[in-house]
Amino acid sequence: MNENNLYDLAGRIAVVTGGYGVLGSSMALFLSQQGARVAILGRDAGRGEAQAAEIARATGGETLFLEADVLDKAALERACERLMAEWGEPDILINAAGGNQAGATIAPDQTIFDLDAEAMRRVVDLNFMGTVLPTLVFGQAMARRGDGRKGSIINISSMAAQGVITRVVGYSASKAAIDNFTRWMAVEMVRKFGEGVRVNAIAPGFFLTEQNRTLLTHPDGSLTERSRDILAATPYGRFGEPEELNGTLGWLASDASAFVTGVVVPVDGGFSIFSGV
């Protein structure tokens, strides 16, 4: 580690849940480019192993795939044990796993009373509990080190948590819960365990991902009416690129943000500040 470079991540151990998704894979690649050892965690061994190998080829860095469902605490504990046996305790946890389901959204011809309660529960579980459980498992490994190393937990929120974005009720509710949990966990960690582990979140604006592509684009790639409304409410007038999250990610993961905890940082092209007038 370079003591003259507060942003230095060389040699740090990072775990990225959902690390083979559009945003998670970009984050995992970026961390490896900065010299971190990167473990990608997810359920799909084929995709996870392939992503880890691709990143290792691209950067020459050390990568690892940890097979676990973010909703299975026992599997997460086994993954953490394997990580510590091979590399040691984690320094960075990125909670990038998440998603949406059709039943937890409200179509234009529906009302809230058409909501599929089971789909809503699955979306809340995936996004919220899929952040809580990895935080409990890997956060505990960070908190117990006692060797002076610093830890950083970074949750992935959304602009959907900040205000009412129509249709995505389940996703919005679960991301709002992540915002609250981020703040709560930040206070809990520093009051009970000292300054060793910080907890923050990034709130992306609108990025094209596997989960929202069919909502935002037509099969021919042209924009839907919803996309046009979103871009009209975004001063930049475009969707974000995955790598545009990485500057904020590097800041929150590194010692450059050593006195920052409990914040939710928008990376949204101005969406959150624009009134549309």
Item to check | Chi angles and distances behind the side chain to side chain contact (heavy atoms under 4.5 Å, CB included) call for I154, N95 | outcome: CA-CA 6 Å; I154 303 170; N95 283 309; over 6 Å; no
Next on the checklist: For V22 and L208: C-alpha separation, side-chain torsions, deciding distance, then whether side chain to side chain contact (heavy atoms under 4.5 Å, CB included) applies.
Outcome noted: CA-CA 8 Å; V22 171; L208 284 174; over 6 Å; no
Checklist entry - So V124 and M129, side chain to side chain contact (heavy atoms under 4.5 Å, CB included) or not? Walk me through it. => result CA-CA 7 Å; V124 171; M129 293 307 297; over 6 Å; no
Next on the checklist: Quick one, I202 with W251, criterion side chain to side chain contact (heavy atoms under 4.5 Å, CB included). Give me CA distance, side-chain angles, the key distance, then yes/no.
Outcome noted: CA-CA 11 Å; I202 297 172; W251 172 60; over 6 Å; no
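Here the closest non-hydrogen pair linking A253 and I92 is CB-CD1, 4.0 Å. Closest approach of A28 and I55 over heavy atoms only: CB-CD1, 3.6 Å. Residue E67 comes nearest to A45 through the heavy atom pair OE1-CB, 3.9 Å, listed as atom of the first residue, atom of the second, then distance. Here the closest non-hydrogen pair linking L252 and A201 is CD1-O, 4.1 Å. Closest approach of P242 to F207, counting heavy atoms only: N-CD2, 3.9 Å. Taking every heavy atom of both residues into account, G130 and L71 meet most closely at N-CD2, 3.6 Å.
Atom CD of E243 has more than 12 neighbouring heavy atoms from other residues, nucleotides or ligands inside a 6.0 Å radius. Counting heavy atoms of neighbouring residues, nucleotides and ligands inside a 6.0 Å radius, atom CZ of R191 does not exceed 12 of them.
Between the side chain of S227 and the backbone N or O of L216 there is at least one donor-acceptor pair closer than 3.5 Å. N127 places a side-chain N or O within 3.5 Å of a backbone atom of V123 that can act as its donor or acceptor partner.
Side chains of N155 and T131: a donor-acceptor N/O pair is absent below 3.5 angstrom, by distance only. Side chains of T261 and N200: a donor-acceptor N/O pair is absent below 3.5 angstrom, by distance only. A donor-acceptor contact under 3.5 angstrom links the side chains of D179 and Q162, judged on distance only. For the 3.5 Å distance criterion, the side chains of T166 and R226 qualify, holding a donor opposite an acceptor.
At a threshold of 4.5 Å between side-chain heavy atoms, the hydrophobic network of Ile, Leu, Val, Met, Phe, Trp and Tyr places Y7 and M27 in one connected group. Taking hydrophobic clusters as Ile, Leu, Val, Met, Phe, Trp and Tyr residues chained together by side-chain heavy-atom distances below 4.5 Å, V16 does not share a cluster with L83. If you chain together hydrophobic residues whose side chains sit under 4.5 Å apart, W184 and L93 fall into the same group. M84 and L76 fall into different hydrophobic clusters, where Ile, Leu, Val, Met, Phe, Trp and Tyr are joined by side-chain heavy atoms under 4.5 Å apart, directly or via other members. Under a hydrophobic-cluster definition in which Ile, Leu, Val, Met, Phe, Trp and Tyr are linked whenever side-chain heavy atoms come within less than 4.5 Å, directly or via other members, Y171 and I178 are assigned to different clusters.
Partners of R198 by side-chain hydrogen bond (donor to acceptor under 3.5 Å, both in side chains), not counting sequence neighbours, listed by chain and number: S257. In terms of the side-chain hydrogen bond (donor to acceptor under 3.5 Å, both in side chains) criterion, R43 has no residue partners (sequence neighbours excluded).
Between F181 and F128, the ring planes lie perpendicular to each other; the angle is over 60°, past the 30° to 60° tilted range.
In this structure, the side chains of M185 and V197 stay at 4.5 Å or more apart for every pair of heavy atoms. At a threshold of 4.5 Å between non-hydrogen side-chain atoms, the residues V169 and I112 count as touching. Within the 4.5 Å cutoff, side-chain heavy atoms of I94 are placed close to those of L31. I106 places none of its side-chain heavy atoms less than 4.5 Å from the side chain of T111. F138 is listed as a side-chain neighbour of L41, based on a closest heavy-atom distance under 4.5 Å. Put simply, the side chain of F239 reaches to within 4.5 Å of the side chain of F206, judged on heavy atoms. The closest side-chain heavy-atom distance from T209 to L23 is below 4.5 Å. Looking at heavy atoms from C-beta onward, Y236 lies out of side-chain contact with F271 at the 4.5 angstrom threshold.
Of the inter-residue distances, the one linking L29 atom CG with Q34 atom CD reads 9.5 Å to the nearest 0.5 angstrom. Put simply, CG on D69 and OG1 on T17 are 11.0 Å apart, with the number rounded to the nearest 0.5 Å. Separating the CD atom in E241 from the CG atom in N246 is a distance of 11.5 Å, to the nearest 0.5 Å.
Under 4.0 Å is where a charged nitrogen must lie from a carboxylate oxygen, and between E81 and R78 no such pair does. Ion pair E54/R47 not flagged as a salt bridge, since none of the NZ, NE, NH1 or NH2 atoms sits closer than 4.0 Å to an Asp/Glu carboxylate oxygen. Between R144 and E89, none of the side-chain N atoms (NZ, or NE/NH1/NH2) sits under 4.0 Å from a carboxylate O, so this pair counts as no salt bridge. For the pair K150 and D91, the salt-bridge criterion is not met [side-chain N within less than 4.0 Å of a carboxylate O].
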